[in-house]
Amino acid sequence: MWKTHGCGELRPAHVGQMVELAGWVHRRRDHGGLIFVDLRDRSGLVQVVGDPSCSAEAHAALDQVRLEYVIQVHGRVRRRPPGTENPNLPTGEVEVEAHAVRILNPARPLPFSIDDDGRRIDEAVRLRYRYLDLRRARMQRNLMLRHQTTRAIRDYLDARGFVEVETPILIKSTPEGARDFIVPSRLHPGKFYALPQSPQQLKQLLMVAGLEKYYQIARCFRDEDLRGDRQPEFTQLDLEMSFVDREDILQLIEGRADRGGAAGWPPTSGSARRSLASLTPRPSPAISDKPDLRFGMELVDLTDVARESAFEIFREAARGGGQVKALRAPGCAGYSRRELDELTSYVKSQGAKGLITLAFTGDGVKGQAVKFLTEGERARIAERTGAGAGDLLCIVADAPEVVAKALGGLRLLFRDRLQLADPDEFAFAWILEFPMFEWNEEEGRWEAVHHPFTSPLDEDLDRLETDPASVRAKAYDIVCNGYEIAGGASGSTAGRSRSGCSGCSDTPRSRPAPGSAICWRPLSSAPLLTEASPWAWIAW
């Protein structure tokens, strides 16, 4: 071995020992006689001192090195002189007195600083010099966290009887939620393989084959538009189990999340397990299938108030099957006309017809809609929303799905503007009891929200044909800080439920209120209903 220790491993316990180190020159300082070099490897940094009184040859070699030179150092560990310790480094109490230095590889001047978080470096430059980009501490931490997480997953699932199975990458195209990447076959001209969007059918084969508990750290490929949380290829934890019910799935995943700290990321605790209200058909504070729970600002339903309102826009929306909901933005009553127009433009971009704002000031309620609302209506709205002096109410009256999308997006916009969410908090929650079906306006029929083989809740089976809008699915997602990070479902195997799903998909019925059958459950809260199902899956 070319080194006896990692650079970041040295501590006061090593004082007096002779060590061999190898790594990259991270920093260099020439103090006119003494040369100080911060030597870096994967384990961290340590200060190396070139003192001509100790070794003229080592000092001369350190005089030649520049940033990112690769060197090997032979020397003695000693304590730093009093007052020169660096409390920001794990090795900050010691340094290495260089007795011999060998330059293993010189380096050209760098296109960017390695001692940088990378946020100010042009991404094209980072990708061109990817080998340098990966040397940065932030990228190294990311790679180590990925390694620790996958290792912890394997240990956790192995202890619970799961078998890791690697499934093929070149497969036949299967119906999924996005377009396939295809690979032409040389041996079979005119025919193509598809890259898997997920191992969906392959893992079901394993269940039918009797494997019972399968998992895979699976590579997935989806040809879809890029987003901040979406890219063409990604890795997911893929699970499939037989002879389990929903509660078994929830407890298994909660147990893995609770052990997150062992993998280097925060476990769920405290505010991540806040008590959440069920979002069932009663008036609900918010409707979202991926809520950010780190802050409040709930959507408040004003539909019952609007139904008898003197304001025609409110009244027609409420009586026509729509919704009227409000969002209270604290301290924003002083928004200028330009800022209000920006909010209106945003909700219109989300499909809403417009935005109604009410500013609660010390001089009363202000806004273009104030003259259309009676004093009693303004009082009821203020009481329902909790609006007080300094607050701005943003109200949308439209179809339920438009209201949810517009105000949900506006809520996140205010989150960022007002800095309402703690960036260091991780707020996890289960999203349960999804609607089984959604209405396809273009084709005039019901479609499965997840996929047609998801099982409905047992208590909803009798309504498959008569009221599909009210049927809930045995499906479950995990959300964290407004992002969906995992999802799964219990499979439909009973002939009754399977035939019912197929039959009602082509039967026009009354349109559902989107989100009306969704409920939230924080991780590790009281158990919900359990439904027996022979197999279930989840992808994380």
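Nothing here was measured: the structure is a model prediction, and the numbers come from that model. Side-chain atoms are counted along with the backbone in the values below, which use heavy atoms only and exclude waters and symmetry mates.
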Where the side chain of [X] meets the backbone of [Y], is there a donor-acceptor pair that is under 3.5 Å apart?
X: R378; Y: L373; result: yes
X: Q368; Y: I356; result: no
X: E425; Y: D422; result: no
X: E240; Y: Q204; result: no
X: S349; Y: Y346; result: yes
X: T303; Y: V324; result: yes
X: D180; Y: I182; result: no
X: D477; Y: L432; result: no
X: R411; Y: M297; result: yes
X: D245; Y: D248; result: yes

Count the heavy atoms of every other residue, nucleotide or ligand shown that sit under 6.0 Å from [atom1] of [X], and state whether that count exceeds 12.
X: Y193; atom1: OH; result: no
X: Y483; atom1: OH; result: no
X: E339; atom1: CD; result: yes
X: D416; atom1: CG; result: yes
X: R417; atom1: CZ; result: yes
X: R307; atom1: CZ; result: yes

Does this structure show an ion pair linking [X] with [Y], if we count only N-O contacts that are shorter than 4.0 Å?
X: D133; Y: R130; result: yes
X: R472; Y: D458; result: no
X: K405; Y: E401; result: no
X: E308; Y: R315; result: no
X: D238; Y: K203; result: yes

Using only heavy-atom distances, determine whether the side chains of [X] and [Y] contain a donor-acceptor pair under 3.5 Å.
X: W430; Y: E254; value: yes
X: T344; Y: D341; value: no
X: R219; Y: T235; value: yes
X: D301; Y: Q323; value: no

Test item: [X] and [Y] side chains (from C-beta on) under 4.5 Å apart, heavy atoms:
X: L355; Y: V396; answer: yes
X: R415; Y: D292; answer: yes
X: L226; Y: P232; answer: yes
X: R222; Y: S198; answer: yes
X: L195; Y: L170; answer: yes
X: V449; Y: M436; answer: no
X: R146; Y: R141; answer: no
X: E342; Y: Y335; answer: no

Quiz item: Is R160 close enough and on-axis enough to Y156, meaning under 6.0 Å and within 45°, for cation-pi?
Solution: yes
Quiz item: Quick one: is the NZ or CZ of R294 closer than 6.0 Å to the six-membered ring centre of F426, and within 45° of its axis?
Solution: no
Exercise. Any chance you could lay out the side-chain contact (heavy atoms from CB on, under 4.5 Å) test for M139 and M144, step after step, and finish with the verdict?
Key: CA-CA 9 Å; M139 298 300 289; M144 291 303 297; over 6 Å; no
Self-check item: Candidate pair R230 and E224, rule salt bridge (charged side-chain N to carboxylate O under 4.0 Å, His left out), full reasoning
Solution: CA-CA 8 Å; R230 191 69 56 84; E224 56 188 351; 3.1 Å; yes
Quiz item: Which is it for D460 and R463 under the salt bridge (charged side-chain N to carboxylate O under 4.0 Å, His left out) test, yes or no, and what are the steps along the way?
Solution: CA-CA 6 Å; D460 294 349; R463 299 195 300 277; 2.5 Å; yes
Practice problem: Any chance you could lay out the side-chain contact (heavy atoms from CB on, under 4.5 Å) test for C332 and L418, step after step, and finish with the verdict? | Solution: CA-CA 9 Å; C332 296; L418 305 179; 3.9 Å; yes
Quiz item: So how far is it from L206 CG to T167 OG1, rounded to the nearest 0.5 Å?
Solution: 8.0 Å
Practice problem: Please report the C-alpha distance between R445 and E438 in whole Å, then the side-chain angles of each, then the deciding distance to 0.1 Å, and finally whether the salt bridge (charged side-chain N to carboxylate O under 4.0 Å, His left out) criterion is met. | Solution: CA-CA 9 Å; R445 66 188 187 95; E438 60 185 352; over 6 Å; no
Practice problem: Quick one: do D304 and R384 satisfy salt bridge (charged side-chain N to carboxylate O under 4.0 Å, His left out)? Show the steps, please. | Solution: CA-CA 11 Å; D304 59 328; R384 179 75 61 86; 2.9 Å; yes
Practice problem: Before giving the answer on side-chain contact (heavy atoms from CB on, under 4.5 Å), spell out for F192 and S173 the whole-Å C-alpha distance, their side-chain angles and the decisive distance to 0.1 Å. | Solution: CA-CA 9 Å; F192 299 82; S173 179; over 6 Å; no
Quiz item: Between A333 and F360, what is the shortest heavy-atom contact and its length?
Solution: CB-O, 3.7 Å
Quiz item: Can L239 and I253 be said to form a side-chain contact (heavy atoms from CB on, under 4.5 Å), step by step?
Solution: CA-CA 10 Å; L239 294 176; I253 301 303; 3.6 Å; yes
